[in-house]
Amino acid sequence: MFELNRQQRQAVAHRGGPLLVQAGAGTGKTGTLASRVADLIEGGVPPGRICLLTFTRRAAQEMLTRAGHLTTPGAAAQVWGGTFHSVAHRVLRLHGRRLGLSPGFSVLDQGDAAEVLGLVRHDVLAAEAARRTSAPRTTPPPGPRQGGAPGGGAGGRRFPRPDTLASIYSRVVSTAEPLSSVVERDFPWCRQEVAGIRAIFEGYTARKRARQMLDFEDLLLAWRGIGSATAGAELLAGLWDQVLVDEYQDTNALQADILALLRPDGTGLTVVGDDAQAIYGFRAATARNMDVFVARFPGTTVVRLEENYRSIPPILAVANAIMAVATGGGDAKVLWSQRAGSGRPRLRICEDEAFQAEAVCDSVLAHRDDGVMLRRQAVLFRASHHADLVELALARRNIPYVKYGGLRILEAAHVKDLVALLRLLDNPWDEVAWFRILPLLEGVGPATARRVMADLGLPSAAPAAPAAPAAPTGPAAPGSAAGAGLAPAAGAGSTIAWAPSDPATSPLARLLAVAPRVPEAAADAVAGLRLALGECADSCLPGGATPAPGVQVERLSRWLAPVIARKYSSPAARMSDLDQLAGVAAAYRDRGQFVAELTLDPPVATGDLAGPPLLDEDWLVLSTVHSAKGGEWDVVHVIHAADGMFPSDMACGDAESIEEERRLMYVAVTRARDVLEINLPRRYHVAREQFRRLSDRHLYAQVSRFLTDEVLALMDVEHAGPPVPTDEGASCAPASGVSEAAGMELVDQFLSGLWA
DNA sequence: CGGGGTACCATTTTT
DNA sequence: TGGTACCCCG
């Protein structure tokens with residue numbers, strides 16, 4: 001059972017006005033929140049009138065499970081719990097009609113958004129190119145191709161690519177900052193292209209509205225949007241009696257607005273956070289929300305949790321020393337702990353990256369021999385690819401591990417194919433899904449796909465055909481064509497914007513009713529597709545029932561099998577992924593809910609889909625620091641703690657982002673309970689590892705700037721070199737560009753390697 | 001119009 | 001390495 005201290009009890013028992021809990025790392029925040037939920041239920045608040053907003057779905061589940069142990073079994077399960085985005089989705093499915101939103105709307109994740117932006121980008125650039133080539137008749141020189149820039153169409157210019165556009169868009173919307181200033185500050189290399197970017201964003205918005213698609217930002221905007229009408233505001237304020245928010249330091253201004261709509265006077269509102277752990281500034285989160293909260297809701301009760309129950313004192317000393325020099329991070333909190341334990345954290349300076357990987361594996365195994373199971377240990381890093389060599393080494397030694405952060409299974413092509421099929425069934429106007437599925441057919445490429453979509457009632461936004469070769473009409477006509485490219489079919493677009501569309505005339509209904517015209521090679525596949533979709537469509541069973549999601553996934557995978565065999569490598573492995581997915585789908589009763597949860601909260605770890613069988617075993621955790629938030633392990637291995645990697649050199653532009661990197665390091669070290677080991681490679685390759693192309697040039701890393709002399713004084717520093725020094729000291733021959741000092745240090749390492 | 005071949009570029013964290 | 005855009009051939 002969870003024993004509460006005085007402050008925790010105060011946070012649990014508080015009733016009435018708004019409550020702000022400042023909870024330092026490891027101070028029992030999760031248990032406190034869970035207890036508060038249970039206490040509210042015990043006190044008579046109906047569970048369905050409580051909403052618990054957390055940073056990940058896992059966090060919500062964990063808290064509600066714990067709350068369930070403290071109160072009537074099953075009651076806690078009725079609490080609304082999840083991320084802002086997933087709760088937004090549920091609210092909008094219920095009440096989105098107020099905004100003209102059909103309940104079957106699609107959710108676009110960042111990748112989907114980039115695809116739509118890519119479609120619009122294509123149209124806008126094509127229109128522009130058409131205008132350009134027609135007026136001055138300068139075709140690009142035939143010889144050395146000018147189109148190096150991936151903006152291609154527009155004469156060698158550097159135009160942002162789809163995923164860059166998605167980041168710019170996301171940043172502009174979530175900060176509510178003007179496009180021009182965001183580009184100027186964060187994407188200065190695009191500043192020439194602001195006009196084009198603006199055009200693409202306008203087209204993107206029109207497209208989403210017409211097709212009933214919402215991206216992540218839209219989910220929050222629409223949620224807030226409900227409150228812009230009086231009736232909607234009343235509805236929102238009446239949804240719940242108690243709203244609790246975790247990780248409040250990582251919410252943004254929009255989310256704060258939503259909270260104010262949910263509990264206008266702040267009663268029944270609880271937020272918990274720690275400004276020293278604010279690490280999502282890049283996503284427009286602002287720890288200022290913590291201060292703003294107090295100002296916005298006068299009479300807020302503030303409770304501070306400062307006793308740490310997680311780490312032994314020497315680890316906390318390092319954490320405190322890292323934050324001691326932080327600037328602008330709110331009031332300096334000093335964590336303290338009554339735990340016994342005196343093992344000092346260790347800094348291991350490794351000869352190079354390969355040796356770092358080996359040293360970490362050695363250490364992991366040594367701790368396991370000491371009785372710390374693999375799952376009680378974690379390897380933490382700043383960027384996903386930092387773990388590459390460690391992963392290789394683990395695989396070579398047959399050490400099982402699960403990796404969080406970085407690539408997701410949902411981003412694999414074959415999984416996206418399947419999800420696209422499911423999305424079609426839910427939202428037949430989902431253009432991205434159609435545009436993904438149709439070119440899977442043999443003989444069908446983008447052009448035919450566009451034509452088929454038009455036949456199905458999904459006209460392509462930009463009339464590419466008239467814009468390009470025709471245009472004999474002089475400069476005026478192409479000019480207007482380019483204008484039309486922005487809000488193509490402007491009339492049609494505006495009339496159907498947000499309008500719930502009639503399923504009976506949907507593109508899906510049309511496909512099922514009449515076989516579309518496709519090249520001969522695709523005829524069989526189309527027939528199979530129509531059959532498969534027909535057997536999964538809503539109310540397709542006798543009696544008006546709909547097959548269960550798990551059944552649908554199986555049925556659609558069966559159709560997908562030959563496609564996958566033809567298009568992708570290792571089809572067997574991919575099909576087994578789809579089998580796993582069917583297993584996950586089987587837990588759902590509603591297809592839309594399944595797809596939405598898959599997008600909003602995708603399986604985060606490699607092997608996550610593998611599920612239960614793995615749970616019997618023991619495995620090591622590999623995680624980005626971001627994904628490790630909220631976690632704790634007995635032994636924590638931090639890797640790549642070198643300047644330029646952690647902090648990332650990409651984040652060293654301004655003081656504010658460096659401070660965020662510092663907090664990131666603070667989060668990393670405060671995950672450790674008993675043992676903290678920080679590693680860095682002394683020597684590393686210049687070329688980016690993520691390109692798999694390592695150059696010969698070596699650089700010599702500096703210890704991360706956050707590990708100052710004051711911090712190092714609290715640690716045991718050790719050098720680790722190759723176990724057996726190799727021939728003629730080649731390993732210490734300075735590479736080009738190495739300073740004298742670095743060369744000497746290399747000699748020292750060589751020597752200490754002899755004695756290691 | 002689709003698909004194969006070629007040349008080029010790529011910066012980190014995630015709901 | 002791998003995604004993208006373009007060229008050219010069938």
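Each chain gets a letter, A, B and so on, in the order its sequence line appears, and its residues count up from 1.
- Rounded to whole Å, atom P of B:dT12 lies 12 Å from atom CG of A:Asp388.
- When the nucleotides B:dA10, B:dT15, B:dT12 are ranked by their closest atom to the side chain of A:Thr56, B:dT15 comes out on top.
- A:Glu442 pairs by the side chain to side chain contact (heavy atoms under 4.5 Å, CB included) definition with A:Ala521, A:Arg566, not counting sequence neighbours.
- Closest-nucleotide positions on DNA chain B for A:Ala383 and A:Phe55 were compared, and the one nearer the 5' end corresponds to A:Ala383.
- Between A:Ser86 and B:dT15, a side-chain N or O to OP1/OP2 separation shorter than 4.0 Å is absent.
- Heavy-atom nearest nucleotides on DNA chain B were determined for A:Pro519 and for A:Thr83, and the one closer to the 5' end corresponds to A:Pro519.
- The separation between A:Glu597 atom CD and B:dT15 atom C1' is 14 Å, rounded to whole Å.
- The separation between A:Leu119 atom CG and C:dT4 atom P is 12 Å, rounded to whole Å.
- No side-chain donor from either of A:Glu597 and A:Ser86 sits under 3.5 Å from a side-chain acceptor of the other.
- Partners of A:Leu64 according to the side chain to side chain contact (heavy atoms under 4.5 Å, CB included) rule, which considers only residues two or more places apart in sequence or in another chain, are A:Val37, A:Leu52, A:Val79.
- Counting any heavy atom pair closer than 4.0 Å across all strands shown, A:Gln110 reaches a base atom.
- Applying the side chain to side chain contact (heavy atoms under 4.5 Å, CB included) rule to A:Arg705 yields the partners A:Asp643, A:Pro647, A:Cys652, A:Ile658; only residues at least two apart in sequence or on another chain are considered.
- When each of A:Asp215, A:Asp112, A:Asp430 is checked for a side chain to side chain donor-acceptor pair (under 3.5 Å) with A:Ser106, only A:Asp430 meets the rule.
- In this structure, the side chain to side chain contact (heavy atoms under 4.5 Å, CB included) partners of A:Arg436, at least two apart in sequence or on a different chain, are A:Glu115, A:Ala413, A:Lys416, A:Asp417, A:Ala420, A:Tyr568.
- Computed from coordinates, the A:Ile279 CD1 to B:dT15 P distance equals 11 Å when rounded to whole Å.
- As judged by a 4.0 angstrom heavy-atom cut-off over every strand, A:Tyr280 is placed among residues touching the sugar-phosphate backbone only.
- The shortest distance between the side-chain N/O atoms of A:Thr624 and the OP1/OP2 oxygens of B:dT14 is below 4.0 Å.
- With A:Asp250 as the fixed residue, the side chain to side chain donor-acceptor pair (under 3.5 Å) test singles out one of A:Gln277, A:His626, A:Gln255, A:Lys629: A:Lys629.
- Atom CD in A:Glu660 sits about 12 Å away from atom P in B:dT14, given to the nearest Å.
- Taking a centre distance below 5.5 Å and an interplanar angle below 30 degrees as the stacking criterion, A:Phe282 stacks against the six-membered base ring of B:dT13.
- Atom CG in A:Asp250 sits roughly 11 Å away from atom C1' in B:dT14 (whole-Å rounding).
- Partners of A:Phe706 according to the ring pair (Phe, Tyr, Trp, His ring centres under 6.0 Å) rule, which considers only residues two or more places apart in sequence or in another chain, do not exist here.
- The distance between atom CD of A:Glu659 and atom C1' of B:dT13, rounded to the nearest whole Å, is 17 Å.
- Proximity of A:Arg121 to the phosphate of C:dA5: a side-chain N or O atom is located under 4.0 Å from OP1 or OP2.
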Listing time: all N or O pairs from protein to nucleotides 8-10 of chain C that are below 3.5 Å?
none

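- Regarding A:Asp163, its CG atom lies at a distance of 8 Å from the P atom of C:dT4, rounded to whole Å.
- Closest to the side chain of A:Arg382, out of B:dT15, B:dT13, B:dT14, is B:dT13.
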